[in-house]
Amino acid sequence: MGRGDLTNAEWDRLESFLPPGGVRGGRWSDHRRVINGVLYRVRTGAQWRDLPERFGPWETVYKRHRRWSADGTWQMLLSRVQAAEDAEGRIDWDVSVDSTAVRAHQHAAGARKAPSAAVPQERGGRAGDEPGRSGTAETGRPPGGGGRIGECLGRSRGGFTTKIHLVADGRCRPLAVVLTPGHCGDGPQLERVLGQVSLPRTGVGRPRTRPDRVLAEAYTSRRNRRYLRRRGIPHTIPERLDQQGHRKNRGSRGGRPTGFDSERYKKRNTVERTINRLKGFGAVATRYDKRAYIHLGIVTRAALAIWLRT
C-alpha cells in the first residue's frame, strides 16, 4: 500500500457500495487499485499519463473516473457513506454554506462548445445494460456543458477560475457541492446548493434534505431568507450594514430586525476548515479538467476521502 492509498478499514467501508466486478471476462476488475489511482491523481494533481505503474494503465484509471463522474457513481458512493454516518448519529446538522474560487490551469480551456449528448455503446453491449455499472454499456457525457460558461469557467478577480459552492456539516465534512463559473455570485446559489443535500435512509423513509440550522455570511438577501423560512430551516445570517440602513430609513415599513445569535455564528468556521481540507488536494486547488462534470467528480472523490478519513 502506497502513501495516501485507501487503508484496509477505509476499503471495508467502501467495498460493499461498489458496482459488482472482478469476475474474469466482466467489465470491472480490481476496483481498489483503480480507485487508489484516481485518489493519487486527486491528491497530487499529476497528469493522468504520469500515474505510477502500480495503478495499472493510466487509460483504465482515467476512463473509469470519467464514467463514474458521468453516471453519478462517485456521488452515489459519497451519499451512501454519508447515510451510514447519519444512521449512527455522527453528523452535526448545524451546517454552514460558503464558496471558494479555484484557479483553472490553461489546459482546462478549449472544451468544444457543443458536446455530443448521445450515449454511445461499446461493441458487445446488451440492451438493458445499466451504464457504468453492468455489462459493457458505455457512459456518454451528461447533458449540458460546452463552451466556457457551460463548463463552469469564468473570469474573476482571481483570473481564470471555477467557483465551488458547498455545504459543510459541523464536523468539517462536505455534504453537497455545486460548481459555477468563477464570476458568479454566492447568494443566488444558496437554493441550488442546499437542494443538493439529500441523504438516503439506511432503512425505511425518505431521504433527509433539511438541516437543523444554516450558518452563512454572503447569503443575506430577502429571497434567501424567504426560502429558508418557507422550508422551516432556522438560520443565522448577519444583516449587512447597508441593509440595516435601508430598513431604518423606511421606518415601520422596514420590518423588524433579523434575529442573529453571535455565539452560534462562531461555528461558521467549520465551512472554512472544510474548504482548507478540500484544497489540500492538488487537483481541487487547481482545475486541470476541461469538462465540468469531470472536475466535479474530482471534487466529489476528494470529499469522499475526507468522509472516509474523519
Side-chain angles (χ1 to χ4, degrees), residues 42-43 45 69-70 72 74-75 78 95-111 113 115 141-169 172-198 211 214-221 223-224 227-228 235 237-238 240 268-306:
V42 172
R43 184 170 57 85
S69 298
W74 287 127
Q75 182 59 48
L78 178 61
V95 305
S96 302
V97 184
D98 206 347
S99 71
T100 182
V102 297
R103 286 297 298 269
H105 193 271
Q106 61 183 358
H107 293 166
K113 293 186 178 181
R141 302 188 186 112
R148 191 183 70 180
I149 302 301
E151 300 300 345
C152 298
L153 292 166
R155 295 284 179 183
S156 66
R157 291 183 179 180
F160 194 44
T161 53
T162 291
K163 187 172 282 189
I164 302 174
H165 306 262
L166 70 154
V167 180
D169 80 332
C172 306
R173 298 173 296 187
L175 285 168
V177 175
V178 166
L179 300 185
T180 63
H183 59 270
C184 290
D186 293 353
Q189 304 302 322
L190 180 69
E191 296 185 30
R192 183 181 173 195
V193 70
L194 284 178
Q196 295 294 317
V197 177
S198 179
V214 169
L215 310 175
E217 180 181 16
Y219 302 86
T220 183
S221 68
R223 175 178 177 178
N224 286 336
Y227 165 75
L228 293 170
H235 51 279
I237 303 175
R240 295 200 315 264
R268 199 192 69 84
N269 70 86
T270 55
V271 70
E272 307 288 352
R273 290 152 61 191
T274 304
I275 290 171
N276 287 340
R277 283 183 174 182
L278 281 174
K279 286 194 168 182
F281 295 88
V284 176
T286 302
R287 173 177 170 175
Y288 298 97
D289 306 289
K290 295 182 185 297
R291 297 295 178 190
Y293 77 93
I294 295 180
H295 185 64
L296 181 59
I298 290 287
V299 179
T300 305
R301 179 62 187 90
L304 179 59
I306 292 173

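Heavy atoms only: backbone and side chains are in, while hydrogens, waters and symmetry mates are out. Since this is a predicted model, take the numbers as computed values, not measurements.
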(request) Heavy atoms only: give me the nearest Arg301-Val42 pair and the separation to one decimal. (result)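 Minimum heavy-atom contact is CG-CG2, 4.1 Å.
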(message) Let me confirm one number: the CZ-CZ distance from Arg103 to Phe160, rounded to the nearest 0.5 Å.
(response)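 The distance works out to 9.5 Å.
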(message) Looking at every non-hydrogen atom in both residues, tell me the closest pair between Thr180 and Cys184 and how far apart they are.
(response)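 Where Thr180 meets Cys184 most closely, the heavy atoms are OG1-CB, 3.7 Å.
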(request) Report yes if the side chains of His165 and Asp186 come closer than 4.5 Å at any heavy-atom pair, otherwise no. (result)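 Yes, at least one pair of side-chain atoms sits under 4.5 Å.
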(request) Specify the closest pair of heavy atoms between Pro174 and Ala303, including all atoms of both residues, with the distance to one decimal. (result)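 Taking Pro174 first and Ala303 second, the nearest heavy atoms are CG-CB, 3.4 Å.
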(message) If you define the side chain from C-beta out and look only at heavy atoms, does anything of Val214 sit under 4.5 Å from Tyr219?
(response) no
(request) Give, for atom CG of Leu278 and atom CD1 of Ile298, the distance between the pair rounded to the nearest 0.5 Å. (result) 12.5 Å
(message) Less than 4.5 Å apart, side chain to side chain, heavy atoms only: is that true for Asp98 and Arg268?
(response)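 Asp98 vs Arg268: side chains touch.
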(request) Show the numbers, then the answer: is there a side chain to side chain contact (heavy atoms under 4.5 Å, CB included) between Lys279 and Val102? (result) CA-CA 9 Å; Lys279 286 194 168 182; Val102 297; 3.7 Å; yes
(message) Please find the pair of heavy atoms, one from Ala108 and one from Ala104, that lie closest to each other, and give the distance.
(response)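 So the minimum-distance heavy-atom pair works out to CB-CB, 4.1 Å.
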(request) Can you measure from CG (Leu190) to CD1 (Ile237) and round to the nearest 0.5 angstrom? (result)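 Answer for the CG-CD1 pair, Leu190 versus Ile237, is 6.5 Å.
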(request) Considering non-hydrogen atoms only, spot the tightest contact between Ala292 and Cys152 and give its length. (result)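 Shortest heavy-atom contact: CB-SG, 4.0 Å.
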(message) Once rounded to the nearest 0.5 Å, what's the spacing between atom NZ of Lys163 and atom CG of Leu179?
(response)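 Rounded to the nearest 0.5 Å, the NZ-CG separation comes to 12.0 Å.
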(request) Please tell me if the side chains of Thr274 and Cys172 come closer than 4.5 Å, counting only heavy atoms from C-beta onward. (result) yes
(request) Give the C-alpha distance, both sets of side-chain angles, the deciding distance and a yes or no for side chain to side chain contact (heavy atoms under 4.5 Å, CB included) between His295 and Glu151. (result) CA-CA 9 Å; His295 185 64; Glu151 300 300 345; over 6 Å; no
(request) Taking Arg173 for its side chain and Ile306 for its backbone only, find out whether a donor-acceptor pair lies under 3.5 Å. (result)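 The answer is no, because no donor-acceptor pair under 3.5 Å joins these two groups.
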(message) Taking side-chain contact (heavy atoms from CB on, under 4.5 Å) as the criterion, tell me which of Val193, Val95, Leu78, Val97 meets it with Leu175.
(response) Val95
(request) State, with a plain yes or no, whether a side-chain heavy atom of Leu296 is found less than 4.5 Å away from one of Gln75. (result)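 Not in contact.
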(request) State whether the side chain of Asn224 and the backbone N or O of Gly187 hold a donor-acceptor pair below 3.5 Å, judged by distance alone. (result) yes
(message) Quick check: do Leu166 and Val299 have side-chain heavy atoms less than 4.5 Å from each other?
(response) no
(request) Could you tell me if the ring centre of Tyr288 sits under 6.0 Å from that of His107? (result)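 Centroid distance Tyr288-His107: not below 6.0 Å, so no.
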(request) Please tell me if the side chains of Thr270 and Leu215 come closer than 4.5 Å, counting only heavy atoms from C-beta onward. (result) no
(message) Would the distance check show the side chain of Arg287 and the main-chain N or O of Lys290 forming a donor-acceptor pair, the cut-off being under 3.5 Å?
(response)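 Checking the backbone N and O of Lys290 against the side chain of Arg287, a donor-acceptor pair under 3.5 Å is found.
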(message) Testing the basics here: between Ile275 and Ser99, what is the closest heavy-atom pair and its distance to 0.1 Å?
(response) CD1-O, 3.9 Å
